[in-house]
Protein chains: 2
Amino acid sequence: MRADARRNYDRIVEVAREVFREQGYDASLDEVAKRAGVGPGTLYRHFPKRENLLDAIMQSWVDRVNETTDKALAFEGSDRELLLHWFEDYVGLISLHKGGPAKITSAMGDPNSPIITKCKVLSSANDRVIERLRADGALRDDVETLQVCRLVGGVATVADQGSLEPEAVRPMLAVVVDGLLK
Amino acid sequence: MRADARRNYDRIVEVAREVFREQGYDASLDEVAKRAGVGPGTLYRHFPKRENLLDAIMQSWVDRVNETTDKALAFEGSDRELLLHWFEDYVGLISLHKGGPAKITSAMGDPNSPIITKCKVLSSANDRVIERLRADGALRDDVETLQVCRLVGGVATVADQGSLEPEAVRPMLAVVVDGLLK
DNA sequence: CACAATACGGAGAGAGTCTCCGGTTAGCAA
DNA sequence: TTGCTAACCGGAGACTCTCTCCGTATTGTG
């Protein structure tokens with residue numbers, strides 16, 4: 001990759017992160033290009049689809065997912081509390097910007113999504129927590145990771161679209177937790 | 001309302017129902033107008049916002065909600081089965097077209113939404129079921145209707161956006177049911 | 001049958017997406 | 001340094017969708 005291309009690529013990602021945070025995932029890409037000081041052509045060459053841009057934005061986010069999971073697993077307390085905290089973390093992780101929870105959760109089941117590798121990261125993280133609980137014998141038998149991701153993703157999506165406070169989200173997550181544990 | 005206005009109004013609603021079913025809630029409104037044989041001006045005069053059109057579409061749907069609720073309450077079986085069946089019905093009721101679950105569920109908490117009266121209908125229906133279970137002493141103490149609507153709406157939203165089969169949705173609803181019952 | 005009042009519809013402004021291609025620049029070889 | 005070429009840039013513009021404005025047409029009434 002040529003140096004000027006790299007420069008533009010990085011700048012676009014940086015600006016897009018900012019714009020998406022301000023205006024949500026539906027923000028105008030031409031505005032992103034404008035703010036990054038490049039033409040629309042440059043943006044669309046680097047990121048043919050909106051989701052390719054999202055994928056690039058989420059590159060650095062992977063580390064945060066893993067760190068968060070480590071901390072969640074190191075938690076000392078009841079299984080119930082552990083799972084509830086993890087779900088709250090999970091919601092936080094996918095709520096990067098307005099529209100994020102829906103986008104990420106629906107990409108979860110689509111092998112052709114440009115952000116599928118990011119979904120895999122998240123799914124694996126969730127799996128670590130689930131397996132830990134399963135090993136404790138705390139979980140119901142028929143629970144699978146994808147299902148859990150969808151359930152918690154659903155709560156996050158509703159919270160995102162209804163601009164709910166964390167205090168309104170917790171009780172919903174608690175219901176899911178209770179439904180999953182023995 | 002003048003006769004020609006009434007005619008156009010009805011025709012637009014009828015066509016919109018069809019177009020939304022075919023293409024989802026994001027369908028072009030100009031296309032709706034075109035198919036209804038009216039100009040865009042006419043459509044936007046009757047329905048200033050997309051949601052006003054949705055509200056009109058859902059007018060006849062109210063009866064179906066009430067009928068479905070009656071049937072659900074007449075169910076003879078365990079509380080768990082009753083609630084699971086009701087949730088499946090609920091998902092079906094809000095899955096009128098692609099984008100429906102998200103739209104309806106997020107309008108649930110917004111008093112200014114044009115479809116708020118429809119949300120109230122749904123919320124009341126859900127309340128009837130919840131209260132019946134509460135009277136049986138089957139429910140946890142801190143359960144409230146709005147929360148339940150959001151939880152099930154979240155599942156429906158995820159299912160809608162991921163084009164999930166009913167067989168994939170049922171286990172998720174079962175988790176919610178187990179989390180709500182004592 | 002005439003005449004308000006009401007409603008129609010399409011041209012077009014504005015915003016967003018995305019492409020195409022003439023012009024520019026980086027990086028390398030001499 | 002200079003010159004060359006592959007790689008890259010950027011913006012004009014085609015297309016789509018939303019929504020408005022206003023001259024024209026239709027309805028229902030006195």
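Partners of A:Lys118 by salt bridge (charged side-chain N to carboxylate O under 4.0 Å, His left out), not counting sequence neighbours, listed by chain and number: A:Asp55. For A:Val158, the side chain to side chain contact (heavy atoms under 4.5 Å, CB included) partners are B:Thr105, B:Arg150, not counting sequence neighbours.
Regarding A:Arg6, its CZ atom lies at a distance of 17 Å from the C1' atom of D:dC9, rounded to whole Å. Atom CG in A:Asp10 sits roughly 14 Å away from atom P in D:dC8 (whole-Å rounding). Nucleotide D:dC15 holds its C1' atom 15 Å from the CD atom of B:Glu31, rounded to whole Å. Rounded to whole Å, the distance from NZ on B:Lys34 to P on D:dT18 is 12 Å. Put simply, CG on A:Leu43 is 17 Å from P on D:dA12, counting in whole angstrom units. Rounding to whole angstrom units, CG of residue A:Leu53 and P of C:dG16 are separated by 16 Å.
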Listed pairs under 3.5 Å, donor-acceptor, residues 136-144 of chain A side chains, sequence neighbours left out:
{"unit_1": "A:Arg140", "atom_1": "NE", "unit_2": "A:Gly179", "atom_2": "O", "d": "3.3"}
{"unit_1": "A:Arg140", "atom_1": "NE", "unit_2": "A:Leu181", "atom_2": "O", "d": "3.2"}
{"unit_1": "A:Arg140", "atom_1": "NH1", "unit_2": "B:Asp178", "atom_2": "OD2", "d": "2.8"}

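Residue pairs meeting the salt bridge (Lys or Arg N to Asp or Glu O under 4.0 Å) criterion with at least one partner in residues 23-34 of chain A, sequence neighbours excluded, are A:Glu31-A:Arg35. Sorted by first then second residue, the salt bridge (Lys or Arg N to Asp or Glu O under 4.0 Å) pairs that include residues 152-172 of chain B, not counting sequence neighbours, are B:Glu88-B:Arg170. Identified under the ring-ring contact (aromatic ring centres under 6.0 Å, His included) test for residues 95-142 of chain B, with sequence neighbours left out: B:Phe20-B:His97, B:Tyr25-B:His97. Sorted by first then second residue, the salt bridge (Lys or Arg N to Asp or Glu O under 4.0 Å) pairs that include residues 62-72 of chain A, not counting sequence neighbours, are A:Asp70-A:Arg128.
The side chain of A:Asn8 places no N or O atom within less than 4.0 Å of a non-bridging phosphate oxygen (OP1 or OP2) of D:dC8. OP1 or OP2 of D:dC8 has not a single side-chain nitrogen or oxygen of A:His46 nearer than 4.0 Å. For the OP1/OP2 pair of D:dT18 and a distance below 4.0 Å, the side-chain nitrogens and oxygens of B:Ser28 include at least one atom meeting the criterion.
Contacts between residues 11-27 of chain B and DNA chain C, defined by a heavy-atom separation below 4.0 Å, involve no residue at all.
Under the 3.5 Å distance criterion, the side-chain polar atoms of A:Trp61 are left unmatched by any main-chain donor or acceptor of A:Leu96. A distance-only check finds no donor-acceptor pair linking the side chain of B:Asp110 to the backbone of B:Ala107 [under 3.5 Å].
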Contact pattern, 5' to 3', of nucleotides 18-30 of chain C - B, S or - by protein heavy atom under 4.0 Å: BBB----BSS---

